[in-house]
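Order of listing sets the numbers, starting from 1, for every ligand and every atom in it.
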Amino acid sequence: MACHGKKLLNNPSDVVTEFIEGLVETYPALQRLDGFPEVKVVLRADVSGATYDKVAVISGGGSGHEPAHAGFVGEGMLTAAICGDVFASPQVDSILAGIRAVTGPMGCLLIVKNYTGDRLNFGLAAEQAKSEGYKVEIVIVGDDCALPPPRGIAGRRGLAGTILVHKVAGAAAAAGLSLAEVAAEAKRASEMVGTMGVALSVCTLPGQVTSDRLGPGKMELGLGIHGEPGAVVADLQPVDVVVSLILKQILSLETNYVPITRGNRVVLMVNGLGATPLMELMIATGNAVPKLQLEHGLAVDRVYTGSFMTSLDMAGFSISIMKADQAILHCLDAATKAPHWPVGVDGNHPPAKIPIPMPPSHSTKSEELLSRPLQLNQQGHIMEVAIEAAANAVINLRDSLNEWDSKVGDGDCGSTICRGAITILEDMKKYYPLNDAAETVNEIGSSIRRVMGGTSGILYNIFCKAAYAQLKASTQSVVTSKQWCEALDAAVASISKYGGASAGYRTMLDALIPASTVLQERLNAGIDPCTAFLLSSEAALTGAESTRHMQAQAGRSTYVSREILESVPDPGAMAAASWYRAAALAVKDTYQAS
Ligand SMILES: Nc1ncnc2c1ncn2[C@@H]1O[C@H](COP(=O)(O)OP(=O)(O)O)[C@@H](O)[C@H]1O
Ligand SMILES: O=C(CO)COP(=O)(O)O
Ligand SMILES: [Mg+2]
Ligand SMILES: [Mn+2]
């Protein structure tokens with residue numbers, strides 16, 4: 001029977017902010033970036049972008065993997081870490097704030113774990129930063145060795161090996177190398193490391209129920225760091241056997257994930273996932289080193305044992321093996337003040353305030369647009385009821401979305417989308433120019449961009465911006481149903497363009513593409529807009545339900561077995577169908593009432 005996980009925290013939605021408060025109290029050399037509450041960036045207190053004379057090394061991603069990544073901020077390692085919500089990549093504005101805060105003329109390197117949300121959010125932030133004149137390079141880390149080369153576009157997951165890449169990049173930057181050289185060192189390191197884990201329990205997200213997916217006496221090999229299912233569930237074995245299985249998989253010549261062969265020199269990292277005693281980690285290490293030497297014929301030059309990249313309170317560990325050469329060892333041995341790197345910790349610089357000008361939380365509108373209460377015309381009223389219905393639909397669906405996402409993803413889809421919906425309702429009352437449909441859609445995108453991380457956040461941000469660009473092209477003040485249809489079509493196309501998925505990939509597109517297609521067909525057939533909207537929402541629901549029978553080719557679900565996928569629909573598709581359907585019903589009711 002699943003029950004709420006006991007956690008020592010206040011409000012689950014404040015865990016990241018409060019974690020950072022504790023971290024910067026503990027390590028005065030770290031500082032939280034000033035800015036809006038939604039910006040959760042930890043940076044070196046002694047660095048200010050304008051004058052920083054080295055390459056800034058920035059990483060980040062979803063929280064819940066502490067000490068990664070903020071615990072690795074310090075001279076000789078990361079310059080800043082961008083913290084998303086738990087298991088949700090940070091949104092573009094947070095990443096941009098971090099880049100602006102620490103990047104000087106030498107530029108910055110973004111080290112990104114290979115997750116769709118991280119790739120897209122950091123990717124878009126990098127493009128924006130470049131447009132502002134910053135030199136930016138990105139290195140994506142996908143060191144997972146547990147799964148066969150994945151289907152579709154998601155690629156191998158980024159796991160604890162990322163920490164070793166941080167250290168190599170940080171040392172290269174501290175040595176004064178150029179951005180191109182630091183990026184090359186980091187990329188080379190990322191291609192030389194492989195990781196695989198074993199779990200005895202599934203992590204519990206703050207405020208959520210504890211999953212009982214892994215029964216007593218069971219272990220899961222090849223898990224991810226977001227509680228998503230791994231490669232195989234088996235009876236628990238002695239750690240000696242488990243370590244042999246993991247080393248064999250990482251060093252497999254079939255998958256050939258890491259260029260390591262007998263006679264090579266390697267570095268070993270045994271990484272606790274959050275709830276495994278140090279004693280058990282050391283036992284795993286004590287088993288791994290002789291196996292690497294005697295069974296695999298490798299020289300083990302460095303060993304790091306501890307909890308570096310966790311998955312909240314997951315019991316288990318991951319093993320990372322990195323091929324070592326003199327350059328790699330020199331970087332790993334280089335001094336650092338990053339508090340959670342396992343050797344040479346120091347750092348008591350007096351904190352220096354770094355006030356960073358934050359972008360306004362919403363585009364500064366002229367007074368009349370913000371004057372409240374707004375006198376709504378018919379279009380404004382329709383916008384208001386449609387947005388309200390859509391937002392409340394996904395808020396009410398939050399727990400189901402999280403439950404579905406906990407089976408096929410990382411359990412946060414509902415929380416991520418709900419966070420956006422609540423913000424949209426609040427912002428709408430404060431300043432949405434509802435009589436101007438195009439600008440309202442743009443403001444919805446800005447609300448999402450400000451508070452929603454993860455894959456959903458970035459994709460809905462892109463969705464709104466594409467719809468806005470389409471709507472803004474028209475000069476009429478009242479948007480016609482044909483223009484709405486064209487805007488939806490453009491928005492759907494933008495998700496496909498940036499996210500790389502298409503129909504049948506088991507994503508939100510499997511709700512939105514049918515909706516867009518049917519809306520266009522029905523309008524072209526001369527059916528009235530309300531009925532066309534309703535019929536297209538039925539197509540969205542059907543499309544979302546049909547995702548149960550699809551093989552995932554994008555996002556986290558590509559790592560999950562077919563039988564698990566068939567047990568639930570795609571959460572993103574269900575969320576899209578839900579808000580779309582609610583909006584269609586609200587518009588119909590409003591027209592009927594008028
Ligand atoms: N490449 C993609 N294109 C479109 N939608 C995607 C893509 N990858 C994932 N998704 C959608 O995102 C949903 C998961 O959202 P979210 O939980 O925010 O992602 P994550 O936790 O992986 O960042 C999936 O159910 C799917 O509908
Ligand atoms: O925890 C995460 C990896 O940093 C979050 O990644 P997603 O936003 O893609 O779920
Ligand atoms: Mg997530
Ligand atoms: Mn998720």
Side-chain angles (χ1 to χ4, degrees), residues 15-16 40 58-70 72 81-92 94-95 110-125 140-144 153-163 165-166 195 203 205-206 208 223-229 273-274 309-312 314 398 400-420 448 451-461 498-501 506-508 552 554-560 568 570-575:
V15 291
V16 180
K40 299 186 266 284
I58 300 173
S59 187
S63 294
H65 309 302
E66 292 65 32
H69 295 268
F72 297 104
I82 323 292
C83 306
D85 286 308
V86 173
F87 293 177
S89 56
Q91 51 278 47
V92 171
S94 287
I95 302 163
L110 305 180
I111 300 177
V112 180
K113 299 196 300 302
N114 185 33
Y115 295 100
T116 307
D118 281 345
R119 282 205 326 268
L120 290 170
N121 282 293
F122 279 85
L124 204 54
I140 305 280
V141 182
D143 54 321
D144 181 15
I153 56 176
R156 294 165 58 195
R157 294 170 294 191
L159 302 171
T162 311
I163 303 301
V165 178
H166 289 346
T195 299
C203 60
L205 276 83
Q208 292 201 23
L223 64 133
I225 50 175
H226 303 91
E228 69 267 32
L273 291 167
M309 183 174 287
T310 62
S311 179
L312 291 168
M314 181 184 269
R398 185 196 64 176
S400 301
L401 293 172
N402 280 339
E403 188 188 335
W404 295 326
D405 195 37
S406 65
K407 290 189 169 66
V408 298
D410 59 355
D412 66 352
C413 186
S415 305
T416 300
I417 293 181
C418 183
R419 190 174 302 117
I448 286 169
V451 299
M452 262 178 84
T455 303
S456 303
I458 182 65
L459 289 179
Y460 276 116
N461 174 14
Y498 289 100
R506 192 187 159 100
T507 73
M508 62 173 81
R556 298 177 179 290
S557 299
T558 52
Y559 311 128
V560 175
V568 295
D570 174 64
M574 292 303 284

Numbered atoms of ligand 2 (with element) below 4.0 Å of Asp410, judged on heavy atoms: 10 (O)
query: Against heavy atoms of Gly61, which atoms of ligand 2 measure under 4.0 Å?
result: 4 (O)
Tell me which protein heavy atom sits closest to [atom], plus the residue, atom name and distance to 0.1 Å.
{"atom": "atom 3 (C) of ligand 2", "result": "Asp118 OD2, 2.9 Å"}
{"atom": "atom 6 (O) of ligand 2", "result": "Arg556 NH2, 3.1 Å"}
{"atom": "atom 2 (C) of ligand 2", "result": "His226 NE2, 3.1 Å"}

Polar atom proximity, [X] to ligand 2 (N or O, under 3.5 Å):
{"X": "Tyr115", "value": "no"}
{"X": "Gly60", "value": "no"}
{"X": "Phe87", "value": "yes"}
{"X": "Gly117", "value": "yes"}

task: Using atom types as modelled and distance alone, determine if a side-chain donor or acceptor of Thr162 lies under 3.5 Å from a backbone N or O of Gly158.
output: no
query: Within 45° of the six-membered ring axis of Tyr115 and under 6.0 Å from that ring's centre, is NZ or CZ of Arg157 located there?
result: no
Sub-4.0 Å heavy-atom approach of Gly453 to ligand 2: no
Location of contacts on Ser89 toward ligand 2, heavy atoms closer than 4.0 Å: both
- prompt: Backbone or side chain, does Asp405 get an N/O/S atom under 2.8 Å to the Mg ion (ligand 3)?
  reply: no
message: I'd like to know: is the Mg ion (ligand 3) within the 2.8 Å range of an N/O/S atom from Phe87, strictly under that distance?
response: yes
statement: On a heavy-atom basis, the closest approach of Asp85 and Lys40 is OD1-NZ, 3.4 Å
